[in-house]
Protein chains: 2
Amino acid sequence: MKDEKKRGRPRGFDARAALDKARDVFWDRGFSAASLDNLSAATNLNRPSLYGAFGDKEALYLEALEAYRQDGMEVLKQALDPSLPLRDNLARVYAGALAIYLHGEIAARGCLLISTASVEAVEHERVREVLGRSLNDFDGEIEKRMRIAAESGELAESADPLTLARLASAVMHSLAVRARAGDSRETLEAIARSGVELICGSTHV
Amino acid sequence: MKDEKKRGRPRGFDARAALDKARDVFWDRGFSAASLDNLSAATNLNRPSLYGAFGDKEALYLEALEAYRQDGMEVLKQALDPSLPLRDNLARVYAGALAIYLHGEIAARGCLLISTASVEAVEHERVREVLGRSLNDFDGEIEKRMRIAAESGELAESADPLTLARLASAVMHSLAVRARAGDSRETLEAIARSGVELICGSTHV
DNA sequence: GTCATTTTATGCGAAACAGTACAAATGTCC
DNA sequence: GGACATTTGTACTGTTTCGCATAAAATGAC
């Protein structure tokens with residue numbers, strides 16, 4: 001993007017790597033319980049460097065959320081490859097989600113947005129807005145695939161793509177919550193399978 | 001329960017009312033962002049009274065979670081009255097859930113367990129345990145109703161009560177998250193309706 | 001080489017935080 | 001009425017918090 005070398009002392013760290021480390025801290029502890037000391041230790045950056053690169057704690061959190069959202073959208077789009085059957089698409093979506101949700105050093109971390117942005121959403125309007133937009137974007141991406149399925153005959157014409165997409169998302173939301181609540185991988189995979197079955201099976205009439 | 005008057009100065013407040021006020025603070029801000037000053041102001045209790053009645057902030061939070069869990073189970077049990085059709089039962093469950101989730105002074109608060117206990121669940125083992133147990137209890141209560149429906153012929157015999165119960169819960173989890181993310185009542189009610197339809201409609205074969 | 005510009009390191013400071021000590025208040029028990 | 005037990009109000013302590021001030025380090029421009 002920008003290879004133009006700026007004047008002054010060059011940055012001694014990779015901003016994206018630091019953002020990922022900060023994201024992990026927020027993911028484990030949430031926004032409020034994550035201190036700048038935690039963030040500083042995890043990123044190996046002292047506070048002035050953090051402030052210089054990202055602004056204050058709130059800006060850093062919002063940037064971490066945004067990066068997470070974009071990564072998630074990428075995973076989702078790849079899983080929804082329309083050259084594969086809808087059933088496989090949904091299975092891939094859930095498998096991809098579980099791979100993310102079940103990761104974690106202490107315990108499964110679930111979804112960064114659902115499990116940490118939700119708390120702040122009441123008092124913190126910008127977080128609520130990011131969370132709402134993210135959920136809608138996910139719905140929209142699945143809806144696009146559902147629309148294709150309805151047109152190609154994979155789904156009954158009577159099926160409503162938006163409704164089915166929201167229900168497909170609902171299963172994913174539940175997986176996120178249950179993962180963080182400590183449910184086993186086996187349980188979560190069973191829920192994912194039955195979700196695929198219910199959504200893809202029911203609309204064949 | 002205990003009408004035996006204890007010696008010493010009697011308590012000048014209703015512990016349950018105070019617990020409800022504290023619960024509301026936790027509900028809006030989450031555990032970490034809720035300060036003892038917030039809790040003290042909301043309950044009209046000074047800190048020593050709070051500590052005397054509930055213990056430290058963590059114990060107060062756990063007690064609020066437990067009370068919320070019991071209240072929710074009560075609402076759920078009443079909604080699942082087996083003398084009504086399963087369809088009506090699920091609709092009542094979701095209506096009851098939305099009545100709780102959409103309440104809030106600043107913005108919709110969603111579910112106390114899903115939206116505030118989730119954050120703490122990674123680092124705080126006892127919270128994770130309460131959250132997991134609560135979700136399972138909810139599943140179990142719905143599963144009981146599904147089992148009745150399967151035996152009475154309301155559902156196809158091939159339907160698996162546990163699986164259907166988990167999917168019914170999944171819709172509820174999604175409603176909780178989406179409410180806190182700012183989705184409109186209309187949207188949430190539409191999702192609830194389609195959830196009922198999918199779960200009750202698909203298994204009639 | 002010297003200056004300008006940006007990043008890094010140390011550490012400060014004011015505010016918020018959780019939890020408690022202490023004494024005054026208010027009741028029961030004998 | 002007096003001893004005892006518990007709650008309540010005020011104020012405190014030590015810690016943690018965030019954000020920044022200041023100065024040293026490292027580079028480009030000239």
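In what follows, chains are A, B, ... by sequence order, proteins preceding strands, each numbered from 1.
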Would you mind reading off the distance between [X] atom [atom1] and [N] atom [atom2], rounded to a whole angstrom?
{"X": "B/L39", "N": "C/dA16", "atom1": "CG", "atom2": "C1'", "result": "14 Å"}
{"X": "A/R9", "N": "C/dA4", "atom1": "CZ", "atom2": "C1'", "result": "16 Å"}
{"X": "A/D14", "N": "C/dT7", "atom1": "CG", "atom2": "C1'", "result": "16 Å"}
{"X": "A/K57", "N": "D/dG19", "atom1": "NZ", "atom2": "P", "result": "8 Å"}
{"X": "A/Y51", "N": "C/dT10", "atom1": "OH", "atom2": "C1'", "result": "16 Å"}
{"X": "B/L36", "N": "D/dC12", "atom1": "CG", "atom2": "P", "result": "19 Å"}
{"X": "A/R7", "N": "D/dC30", "atom1": "CZ", "atom2": "C1'", "result": "9 Å"}
{"X": "A/F54", "N": "C/dT7", "atom1": "CZ", "atom2": "P", "result": "12 Å"}

**Request:** Could you walk me through whether B/S40 and B/D37 pass the side chain to side chain donor-acceptor pair (under 3.5 Å) test, one step at a time?
**Result:** CA-CA 5 Å; B/S40 183; B/D37 283 339; 5.8 Å; no

**Message:** Is the phosphate of C/dT7 approached by A/R11 (side-chain N or O, under 4.0 Å from OP1 or OP2)?
**Reply:** yes

**Request:** Please check the phosphate of C/dT8 (OP1 and OP2 only) for any side-chain N or O of A/N46 closer than 4.0 Å.
**Result:**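 Answer no for this pair, as no side-chain N or O of A/N46 is under 4.0 Å from OP1 or OP2.
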
**Asked** Can you tell me if CD on B/E125 sees more than 12 non-hydrogen neighbours from other groups inside 6.0 Å?
**Response**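 Count not over threshold, so no.
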
**Message:** Under 4.0 Å between a side-chain nitrogen and a carboxylate oxygen: does that hold for B/R145 and B/E141?
**Reply:** no

**Base D/dG19 paired with A/R47 side chain (donor-acceptor, <3.5 Å)** = yes

**Item:** First encountered from the 5' end of DNA chain C, between B/F31 and A/F13
**Value:**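 It is A/F13, whose closest nucleotide lies nearer the 5' terminus.
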
**Fill in**
Assign each of B/S49 and B/G8 the nucleotide of DNA chain D bearing its closest heavy atom; nearer the 5' end lies the nucleotide of B/G8

**Item:** DNA chain D: 5'-proximal contact among A/N38 and B/N44 (nearest heavy atom)
**Value:** B/N44

**Asked** Regarding B/D137 and B/S134, is there a side-chain donor-to-acceptor distance under 3.5 Å anywhere?
**Response** no

**Request:** Report the nucleotide, chosen from D/dT17, D/dG9, C/dT10, that has the shortest atom-to-atom distance to any side-chain atom of B/P48.
**Result:** D/dG9

**Request:** May I ask you to say what B/A33 touches in the nucleic acid, namely base, sugar-phosphate or nothing, with a heavy-atom cut-off under 4.0 Å?
**Result:** nothing

**Asked** Base, sugar-phosphate, or nothing: which does B/P10 touch, judged by heavy atoms less than 4.0 Å apart?
**Response**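 B/P10: backbone/sugar contact only, no base atoms under 4.0 Å.
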
**Message:** Evaluate B/D81 against B/R92 for salt bridge (Lys or Arg N to Asp or Glu O under 4.0 Å), listing each step before the verdict.
**Reply:** CA-CA 10 Å; B/D81 175 359; B/R92 284 157 54 109; 5.1 Å; no

